[in-house]
Amino acid sequence: MKSFVAGLAVLMIAGVASADTLTAQVELLGSDAAGTGEAIPFRVVGTLTADDPGNDGLAFVSMDFSLVNLDSNDTPVELGTAMTLAAPGDGSMDNFVQPLGYDANYGGTAVGNDIVQAGGAQNTIGNNPGAEPFLAFPSAEFISLDIGQDGQVIFEGTLTFSEGDPFGEYEIRVSNVLANVISDGATPGSFAIYPVEAATGVAGSAVSVSHQECAALAFTDGAENISASGRMFDGYIDPRADTVSGSPAGLSSFDIVFTTPAENTDGSSLSASAFTVSQTGGAGVNLDSIATEDGRVVTINLDGALPVENWLTVCVDARAICSGIDIAPGDGCIDIGYLPGDIDQSGVVNPVDLFLFRQYVNDVSTPAFGTIEDYADIDRNGSVSPLDLFRLRQGLNGVGEDAWAGTSLPAQP
């Protein structure tokens with residue numbers, strides 16, 4: 001079989017190896033446990049680190065995947081049928097995929113029980129489909145610069161255990177990470193040719209998953225680098241502004257993720273009747289609707305924004321589809337707080353919040369769950385900027401409508 005790497009030889013021509021490194025890390029997007037036929041969603045994030053003079057982002061990436069049965073290697077799982085790998089749905093890696101880029105199979109090729117050489121390359125050779133030798137791809141007129149420098153989702157995937165796959169503990173492992181980077185100082189141009197350099201590929205830590213006869217129904221925890229609104233978790237306190245341009249602001253819609261697909265306790269499809277919401281301050285917002293395609297990822301829509309200085313409790317009375325067992329009382333509720341300025345999630349706004357804000361925006365530390373924006377995007381515009389620091393200072397100093405200093409939440413329910 002002609003290898004992907006051989007097929008990309010032209011696109012991988014490089015000078016001396018750079019001091020740059022690409023680390024590829026698997027991140028779970030839901031529960032780490034699943035029953036037969038239930039998908040475990042994940043993604044692979046590639047992060048470039050660079051030495052002087054640095055680089056202008058990824059030009060090529062490739063890696064292999066394996067699934068190791070920690071209990072027994074006697075009956076391995078064939079990833080060719082169990083795992084799907086695709087470019088992220090936001091289009092950020094489309095220049096690495098045919099026809100804009102070059103790939104033999106972006107999702108990789110099944111070899112034995114593994115998937116090998118997943119990935120692709122950008123059109124750094126300036127191939128123009130309208131000129132000799134009229135090659136149909138790669139066809140991107142302008143490539144994407146700076147890919148991977150702030151962390152880049154390279155793959156979105158799923159792992160699904162089938163009937164006959166052994167129950168037990170497994171590890172998803174990445175290996176043979178290969179990467180080229182665009183040399184620093186690239187000048188964008190129409191069908192331009194870009195110099196590239198070989199980078200060091202590093203596989204991140206293995207990720208543990210398990211194949212269960214049936215996972216117990218529960219809310220999943222949050223995850224690093226997945227927004228709270230995209231995967232809400234118990235105990236999150238929204239510390240962002242309570243007004244934007246003079247209008248009230250706050251969470252009114254967010255996703256929750258269950259460990260396994262759920263249904264109503266009578267066996268019907270999961271519906272809004274299975275959920276209740278309440279606030280510590282009494283009347284405030286109510287459940288408007290829910291939306292779900294699989295009974296596992298559920299969008300909660302409220303009829304208004306969560307009131308400031310309150311906890312919202314979301315509870316579910318449902319059962320696991322795979323077992324018909326109701327959710328345990330202790331697993332059926334999560335609490336979400338709203339206290340502008342409470343960066344450190346202590347339930348009280350104080351000077352420590354400013355200290356932690358600086359640590360987050362300067363990459364000194366990162367939150368265990370959620371994204372930096374969940375904690376530091378004070379003005380709620382989707383990104384962190386000096387204006388967020390200005391708004392936070394106003395709140396901590398008790399200026400105008402941002403008088404947050406000294407405010408607190410009631411005890412968590």
Subject >> Salt bridge present between E156 and R43 (N-O < 4.0 angstrom) >> reply: no
Original post:
Just wondering, are more than 12 heavy atoms of other shown residues or ligands nearer than 6.0 Å to CG in D150?
Top reply: no
Subject >> Minimum heavy-atom distance between A186 and L145, given as atom pair plus value >> reply: CB-CD2, 4.4 Å
Original post:
Donor-acceptor pair, T280 side chain versus W311 backbone, under 3.5 Å?
Top reply: yes
Original post:
Rounded to the nearest 0.5 Å, how far apart are CG of L159 and CD1 of I172?
Top reply: 5.0 Å
Subject >> Heavy-atom side-chain contact between V209 and L28 under 4.5 Å >> reply: yes
Original post:
Is D103 reaching over with its side chain to a backbone N or O of Q98, donor-acceptor style, under 3.5 angstrom?
Top reply: yes
Original post:
Are T109 and Q117 close enough, and set up right, to give a side-chain contact (heavy atoms from CB on, under 4.5 Å), and what steps lead you there?
Top reply: CA-CA 7 Å; T109 301; Q117 297 173 357; 5.8 Å; no
**OP:** Please confirm whether the backbone N or O of Q359 pairs with a side-chain atom of N362, one donor and one acceptor, at under 3.5 Å?
**Re:** no
Let me check something: any side-chain donor-acceptor pairs from residues 217-225 under 3.5 Å, sequence neighbours excluded? List them with distances.
from : atom 1 : to   : atom 2 : distance (Å)
T220 : OG1    : V257 : O      : 3.0
E224 : OE2    : T366 : OG1    : 3.2

**OP:** Decide yes or no for V207 and E171: does some side-chain heavy atom of the first lie under 4.5 Å from some side-chain heavy atom of the second?
**Re:** no
Original post:
Judged by atom type as modelled, is there a donor-acceptor pair below 3.5 Å linking the side chain of Q279 to the main-chain atoms of G284?
Top reply: yes
Original post:
Can you find a side-chain donor-acceptor pair between T158 and T84 that sits under 3.5 Å?
Top reply: yes
**OP:** Give a yes or no on whether the backbone of L100 and the side-chain of N95 come within a donor-acceptor separation of less than 3.5 Å.
**Re:** no
Original post:
Do the side-chain N and O atoms of T313 and D335 include a donor-acceptor pair separated by under 3.5 angstrom?
Top reply: yes
Original post:
Where is the tightest heavy-atom contact between R296 and P41, given as atom of each residue plus distance?
Top reply: NH1-CD, 4.5 Å
Original post:
With no hydrogens and no angle check, do the side chains of D114 and S66 hold a donor and an acceptor under 3.5 Å apart?
Top reply: no
Original post:
Between N55 and D20, do the side chains contain an N or O donor and an N or O acceptor separated by less than 3.5 Å?
Top reply: yes
Original post:
Side chains of S190 and E141: donor-acceptor distance under 3.5 Å anywhere?
Top reply: yes
**OP:** Calculate, to the nearest 0.5 Å, the distance between atoms CD1 and CG belonging to I256 and D234 respectively.
**Re:** 12.0 Å
Subject >> side-chain contact (heavy atoms from CB on, under 4.5 Å) between Y338 and D242, intermediate numbers included >> reply: CA-CA 9 Å; Y338 188 13; D242 53 341; 3.6 Å; yes
Original post:
Under 6.0 Å between the ring centres of Y236 and F233?
Top reply: yes
**OP:** Over all heavy atoms of both residues, which pair between S229 and L251 is shortest? Give the atoms and the distance, please.
**Re:** CB-CD2, 4.4 Å
Original post:
Out of curiosity, L48 CG to D146 CG, how far, rounded to the nearest 0.5 Å?
Top reply: 10.0 Å
**OP:** Please test S227 against D374 for side-chain hydrogen bond (donor to acceptor under 3.5 Å, both in side chains), starting from the C-alpha separation and ending with a verdict.
**Re:** CA-CA 7 Å; S227 70; D374 289 326; 5.1 Å; no
Subject >> Donor-acceptor pair between N264 and S271 side chains, under 3.5 angstrom >> reply: yes
**OP:** Mind listing the closest non-hydrogen atom pair of V97 and A87 along with its distance?
**Re:** CG2-CB, 3.9 Å
**OP:** Report yes if the side chains of S385 and D388 come closer than 4.5 Å at any heavy-atom pair, otherwise no.
**Re:** yes
Original post:
Does CZ in F167 sit with more than 12 non-hydrogen atoms of other residues, nucleotides or ligands closer than 6.0 Å?
Top reply: yes
Original post:
With sequence neighbours left out, which residue pairs that include part of residues 19-43 fulfil the ring-ring contact (aromatic ring centres under 6.0 Å, His included) condition?
Top reply: none
**OP:** Ignoring hydrogens and angles, state whether a donor on the side chain of T36 or E163 is under 3.5 Å from an acceptor on the partner side chain.
**Re:** no
Subject >> side-chain contact (heavy atoms from CB on, under 4.5 Å) partner of D255, chosen from T299, T292, I300 >> reply: T299
Subject >> Q152 side chain vs Q149 backbone, donor-acceptor pair below 3.5 Å >> reply: no
Original post:
What pair of heavy atoms forms the shortest contact from G204 to Q25, and how long is it?
Top reply: CA-OE1, 3.1 Å
Original post:
Going by heavy atoms in the side chains, are I182 and I143 under 4.5 Å from each other?
Top reply: yes
**OP:** Using atom types as modelled and distance alone, determine if a side-chain donor or acceptor of Q122 lies under 3.5 Å from a backbone N or O of L58.
**Re:** yes
Original post:
Any ring-ring contact (aromatic ring centres under 6.0 Å, His included) pairs touching residues 118-166, not counting sequence neighbours?
Top reply: F65-F155, Y102-F137, Y106-F155, F161-Y170, F161-H211
Original post:
Nearest 0.5 Å, what's the CG-CZ distance between D379 and F390?
Top reply: 11.0 Å
Original post:
Under 3.5 Å, is there a donor-acceptor pair linking the side chains of T260 and E38?
Top reply: yes
Original post:
Do the charged groups of D238 and R240 touch, with an N to O distance under 4.0 Å?
Top reply: yes
**OP:** Verify, without hydrogens or angle tests, whether D377 (side chain) and G382 (backbone) share a donor-acceptor contact under 3.5 angstrom.
**Re:** yes
Subject >> Residues E373 and S383: side-chain donor-acceptor under 3.5 angstrom >> reply: no
